[in-house]
**Q** 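So that we are looking at the same thing, I have put the structure below in structure tokens.
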Amino acid sequence: MTNTVKLKPAATTRYIFLIACLCIALLTLLVPTGTQAQHRRDDSRDPDMQDQDQNDDRGNYDHADNGTSAGGKWMEYRAEDRMTAAKRVRFELSADNAEDRGDQAHVVLYCTNGKLKLADFRPNVRLGRPDWPGFWGQPQMRVRVRADNAHDDHAWNWVNGHFLSMDKGTTRELIGAHLFRIEFQTPDGPRIAEFSPAGLDLNRVHDACGLSPKRP
């Protein structure tokens, strides 16, 4: 004969409650919180990728002194962080082939305390959809770049559909080139932005960004 234990309704309720509490406690221990998970992902990421993903950092360069010529068609803007005293420098180069100045594409270099932090290609037109997954799963767009007589294909981070984040190697090719073109995708098809980087004061860029030109 099998012995059975009959629990009273009150005891049954307490028993179920205790089991539920134990399950919740185990889940809390085993599953990291959103903040913890984010920190773990960030800690495992490549440092250069972390720099590129600091999109909010771009806003720290907006309030800069009036621009001055950095040589050629480049403009330079300087500012100081009011809290950290970090020296922030922004270099901008406008594209040549725009009918309206407001429609000009730009290349923007963001530097802090002598180090390049970010490099953006801002087309000032609507970008096509990303067509390539990055190493970390981030959306990217494949572009073709020409620096003087050399050309190559790259996959650049697609940031909110507004601009593309350039890699450091291409940025170094840009500052040393006389002719620089970027072919990118729009909803209406491919488009080419043409730049004339020649004339840039390379000493100023080296001091502000730690960059030196690179032959493609």
**Q** A side-chain contact here means heavy atoms from C-beta on lying under 4.5 Å apart; do Leu164 and His154 qualify?
**A**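 Answer no - side chains too far apart.
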**Q** Would one find more than 12 heavy atoms of other residues, nucleotides or ligands at under 6.0 Å from atom CG of Asn149?
**A**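 No, because the 6.0 Å sphere around CG of Asn149 holds 12 heavy atoms or fewer from other groups.
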**Q** Taking atom CG of Asp152 and atom CZ of Arg144, what is their separation to the nearest 0.5 Å?
**A** 8.5 Å
**Q** Tell me whether Val125 is reachable from Val107 by hopping between hydrophobic residues (I, L, V, M, F, W, Y) whose side-chain heavy atoms are closer than 4.5 Å.
**A**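 Both belong to a single hydrophobic cluster.
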**Q** Mind listing the closest non-hydrogen atom pair of His106 and Ser94 along with its distance?
**A**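 Closest heavy-atom pair between His106 and Ser94: NE2-OG, 3.1 Å.
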**Q** Is Thr170 close to Phe180 at the side-chain level, that is, under 4.5 Å between some pair of heavy atoms?
**A**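 Heavy-atom side-chain distance check passes, below 4.5 Å.
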**Q** For a quick test of reading the model, state the closest non-hydrogen atom pair linking Ser196 to Leu93 and the distance between them.
**A** O-CD1, 3.9 Å
**Q** Rounded at 0.5 Å granularity, tell me how far CZ in Arg204 sits from OG in Ser69.
**A** 7.0 Å
**Q** For the CG atom of Leu118 and the OG1 atom of Thr171, what is their distance to the nearest 0.5 Å?
**A** 10.0 Å
**Q** Which atoms form the tightest heavy-atom contact between Ala105 and Ala193, and what is the distance?
**A** CB-CB, 4.1 Å
**Q** Return the OG1 to OH distance between Thr68 and Tyr77, rounded to the nearest 0.5 Å.
**A** 8.5 Å
**Q** Look at the side chain of Asn157 and the backbone N and O of Gln140, then say whether any donor-acceptor pair between them is shorter than 3.5 Å.
**A** no
**Q** How close do Ala147 and Pro216 get, heavy atom to heavy atom, and via which atoms?
**A**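 Closest heavy-atom pair between Ala147 and Pro216: O-CG, 3.7 Å.
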**Q** On a heavy-atom basis, which atom in Lys168 and which in Leu116 lie closest, and how many Å separate them?
**A**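 Smallest interatomic distance, heavy atoms only, reads CG-CD2, 4.2 Å.
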**Q** Can Met166 and Trp156 be said to form a side chain to side chain contact (heavy atoms under 4.5 Å, CB included), step by step?
**A** CA-CA 6 Å; Met166 299 170 57; Trp156 288 348; 3.7 Å; yes
**Q** With a 4.0 Å cut-off on N to O distance, would you call Glu80 and Arg88 a salt bridge?
**A** no
**Q** Please determine whether side chain to side chain contact (heavy atoms under 4.5 Å, CB included) holds for the pair Phe184 and Phe121, giving the CA-CA distance in whole Å, both sets of side-chain angles, and the decisive distance to 0.1 Å.
**A** CA-CA 10 Å; Phe184 60 100; Phe121 166 60; 3.6 Å; yes
**Q** Quick check against the 3.5 Å criterion: does Asp120 have a side-chain atom that pairs as donor or acceptor with the backbone of Ser165?
**A**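 No, because the side chain of Asp120 does not come within donor-acceptor range (under 3.5 Å) of the backbone of Ser165.
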**Q** Is a side-chain N or O of Trp158 found less than 3.5 angstrom from the main chain of Asp131, in a donor-acceptor match?
**A**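 Not confirmed, Trp158 side chain does not pair with Asp131 backbone.
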**Q** Between His178 and Asp148, what is the shortest heavy-atom contact and its length?
**A** N-OD1, 2.9 Å
**Q** Applying side chain to side chain contact (heavy atoms under 4.5 Å, CB included), run through Val205 and Trp74 and close with a yes or a no.
**A** CA-CA 11 Å; Val205 177; Trp74 289 85; over 6 Å; no
**Q** More than 12 heavy atoms of other residues, nucleotides or ligands under 6.0 Å from CZ of Arg142: is that the case?
**A** yes
**Q** Would you check if Asp96 and Lys73 make a side-chain contact, meaning some heavy-atom pair closer than 4.5 Å?
**A** yes
**Q** Go through the steps to decide whether Leu109 and Ile175 satisfy the test side chain to side chain contact (heavy atoms under 4.5 Å, CB included), and finish with yes or no.
**A** CA-CA 10 Å; Leu109 312 183; Ile175 64 174; 4.2 Å; yes
**Q** Once rounded to the nearest 0.5 Å, what's the spacing between atom CD of Gln185 and atom CZ of Arg191?
**A** 12.5 Å
**Q** Same cluster or not: Trp132 versus Met141, using hydrophobic residues (I, L, V, M, F, W, Y) connected whenever any side-chain heavy atoms lie under 4.5 Å apart?
**A**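 Hydrophobic grouping puts Trp132 apart from Met141.
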**Q** Within the distance-only criterion (no hydrogens, no angle test), does the side chain of Arg172 pair as donor or acceptor with the backbone N or O of Ser212 below 3.5 angstrom?
**A**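 Yes; judged by distance alone, with no hydrogens or angles, the pair exists.
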**Q** Working to the nearest 0.5 angstrom, can you tell me the gap between Cys209 SG and Leu202 CG?
**A**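 Here the interatomic distance stands at 11.0 Å.
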**Q** Tell me if a side-chain donor or acceptor on Glu194 pairs with a main-chain N or O of Arg181 at a distance below 3.5 Å.
**A** no
